[in-house]
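To start, the structure under review is shown below, and the notes come after it.
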Amino acid sequence: MGDIKHNLEVVRENIEIATQKRRNKELPTLVAVSKTKPISAVQEAYDCNQRHFGENYVQELVEKAAALPQDIKWHFIGHLQTNKCKTVCQIPNLYMIETIDGIKKATAVNNACDSLGRSEPLKVLIEVNTSGEESKSGINPKECVEVAKHIINNCPKLKFCGLMTIGMFDRPTDQENPDFKTLYNCRQDVEQYLNITGLELSMGMSADYELAIAQGSTNVRVGSTIFGPRVYKNKN
């Protein structure tokens, strides 16, 4: 795990360079995706002043949140089952859920936060399926305004912060990514129709985070480039 410090330095430098090439010079948030990685690896990144971490699996997030420093800002970035909402929302330092994939999920998360008595509204992003792939979660881009409006008007325990996408894997990184462009346009629609500004765009991962920044990302999710290749346990 000795490479984590070096890898973080490289990623941060690349983020700064990419940001200087665009109009908005505000640095995007780097979310270090630590799924399948041991607690020691997260601690090592934490010791390098990394504070935002992303997890895909509920139980893994619960275990890590309990064992690691409480000032970590956890992002849940995996598919969230309705029956797991309360388990995730009870984590004290859960910073954001990035994968609200519809009105029903938003309501379930809101109700979980309400029943747990969370003092501050939980930050959430709407996950958008910008590539149209059946294997991907997320709402249709045309539903963004409707779901955002529902969260704002009917979910007082949630704070709607913006949009997130995974996009199609293996897109060329030397040209504009149509999935990122779609999410950018979705944000414009939501801001225009609901008369709000400053919404976040969570897009870009290890292979394409620099391109995502060039196309307006405010939040990049980088895992293997920081922690190395993932090793998945045999779940059988």
Side-chain angles (χ1 to χ4, degrees), residues 3-34 45-54 71-77 93 95-100 120-128 130-131 141 144-145 148 151-152 159-168 171-227:
D3 291 331
I4 290 176
K5 180 180 180 180
H6 170 72
N7 293 343
L8 267 172
E9 289 173 350
V10 171
V11 170
R12 287 167 176 163
E13 182 178 349
N14 290 342
I15 287 174
E16 289 192 21
I17 293 171
T19 304
Q20 289 304 312
K21 295 178 180 179
R22 69 180 189 182
R23 185 178 302 174
N24 178 7
K25 306 302 183 187
E26 184 175 349
L27 286 175
T29 299
L30 170 60
V31 179
V33 179
S34 48
Y46 176 90
D47 292 340
C48 298
N49 297 315
Q50 180 63 29
R51 291 296 180 269
H52 290 265
F53 291 88
D71 62 332
I72 284 178
K73 298 177 179 180
W74 291 105
H75 296 237
F76 186 76
I77 60 174
N93 53 329
Y95 179 78
M96 175 181 282
I97 292 178
E98 297 199 16
T99 49
I100 299 296
E120 297 291 330
L122 175 64
K123 294 180 174 66
V124 297
L125 302 181
I126 296 171
E127 182 177 8
V128 185
T130 52
S131 60
C144 284
V145 172
I151 294 172
I152 292 169
K159 179 177 175 57
F160 172 58
C161 293
L163 309 173
M164 172 268 210
T165 196
I166 295 176
M168 186 179 293
R171 294 277 199 199
T173 57
D174 58 349
Q175 56 187 282
E176 185 177 76
N177 186 314
D179 302 327
F180 297 163
K181 178 64 173 176
T182 294
L183 198 70
Y184 185 91
N185 291 339
C186 287
R187 180 177 68 177
Q188 286 188 307
D189 290 342
V190 172
E191 290 187 340
Q192 177 182 344
Y193 282 104
L194 299 182
N195 194 29
I196 52 180
T197 58
L199 292 179
E200 296 184 34
L201 291 180
S202 178
M203 57 189 194
M205 297 185 287
S206 285
D208 54 15
Y209 67 91
E210 292 161 284
L211 177 61
I213 291 170
Q215 291 188 234
S217 179
T218 66
N219 183 339
V220 292
R221 310 179 305 274
V222 181
S224 57
T225 299
I226 295 172
F227 295 107

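Numbers here are sequence positions counted from 1.
- Side-chain atoms of Q192 do not come within 3.5 Å of backbone N or O of L194 as any donor-acceptor pair.
- In plain terms, the two heavy atoms of S202 and L125 that are nearest each other are CB-CD1, 3.5 Å.
- K123 NZ to H75 NE2: the interatomic distance, rounded to the nearest 0.5 Å, is 9.0 Å.
- Of the inter-residue distances, the one linking L163 atom CG with I100 atom CD1 reads 12.0 Å to the nearest 0.5 angstrom.
- Taking CG of L122 as the start and CE of M96 as the end, the distance is 8.5 Å to the nearest 0.5 Å.
- Residues I15 and T19 share a closest heavy-atom pair of O-OG1, 2.7 Å.
- Within the structure, the salt bridge (charged side-chain N to carboxylate O under 4.0 Å, His left out) test picks out no pair touching residues 207-224 (sequence neighbours left out).
- Among residues at least two apart or in separate chains, salt bridge (charged side-chain N to carboxylate O under 4.0 Å, His left out) pairs with a member in residues 174-186 are R171-D179.
- Across every non-hydrogen atom of V190 and A148, the tightest pair is CG1-CB, 4.0 Å.
- Counting heavy atoms from C-beta outward, M205 and I77 have side chains that stay 4.5 Å or more apart.
- Across all non-hydrogen atoms, the minimal contact from G167 to T130 is CA-OG1, 3.9 Å.
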Are T165 and T182 close enough, and set up right, to give a side chain to side chain contact (heavy atoms under 4.5 Å, CB included), and what steps lead you there?
-> CA-CA 10 Å; T165 196; T182 294; over 6 Å; no
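- Within 6.0 Å of the CD atom in E120, the count of heavy atoms belonging to other residues, nucleotides or ligands does not exceed 12.
- Here F227 contributes atom CZ and S206 contributes atom OG; the two are 10.0 Å apart, rounded to the nearest 0.5 Å.
- Y184 OH: 12 or fewer foreign heavy atoms inside a 6.0 Å radius.
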Apply side chain to side chain contact (heavy atoms under 4.5 Å, CB included) to the pair F160 and I126, showing each step before the final yes or no.
-> CA-CA 8 Å; F160 172 58; I126 296 171; 3.5 Å; yes
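- For the pair Q215 and M203, the tightest heavy-atom approach, listed with the atom from each and the gap, is O-CE, 3.4 Å.
- Looking at every heavy atom in both residues, Y209 comes nearest to V11 through OH-CA, 3.7 Å.
- Between atom CZ of residue F53 and atom CD1 of residue I226 there is a gap of 8.0 Å, rounded to the nearest 0.5 Å.
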Contacts table for residues 22-33: side-chain donor-acceptor under 3.5 angstrom, sequence neighbours left out:
| unit_1 | atom_1 | unit_2 | atom_2 | d |
| --- | --- | --- | --- | --- |
| R22 | NE | N24 | O | 2.8 |
| R22 | NH1 | I213 | O | 2.8 |
| R22 | NH1 | S217 | O | 2.8 |
| R22 | NH2 | E26 | O | 3.1 |
| R22 | NH2 | S217 | O | 3.4 |
| N24 | OD1 | E26 | N | 3.0 |
| K25 | NZ | Q20 | O | 2.5 |
| K25 | NZ | R22 | O | 2.5 |

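- Expressed to the nearest 0.5 Å, how far CG of L183 lies from OG of S131 amounts to 11.5 Å.
- A distance-only check finds no donor-acceptor pair linking the side chain of E127 to the backbone of E98 [under 3.5 Å].
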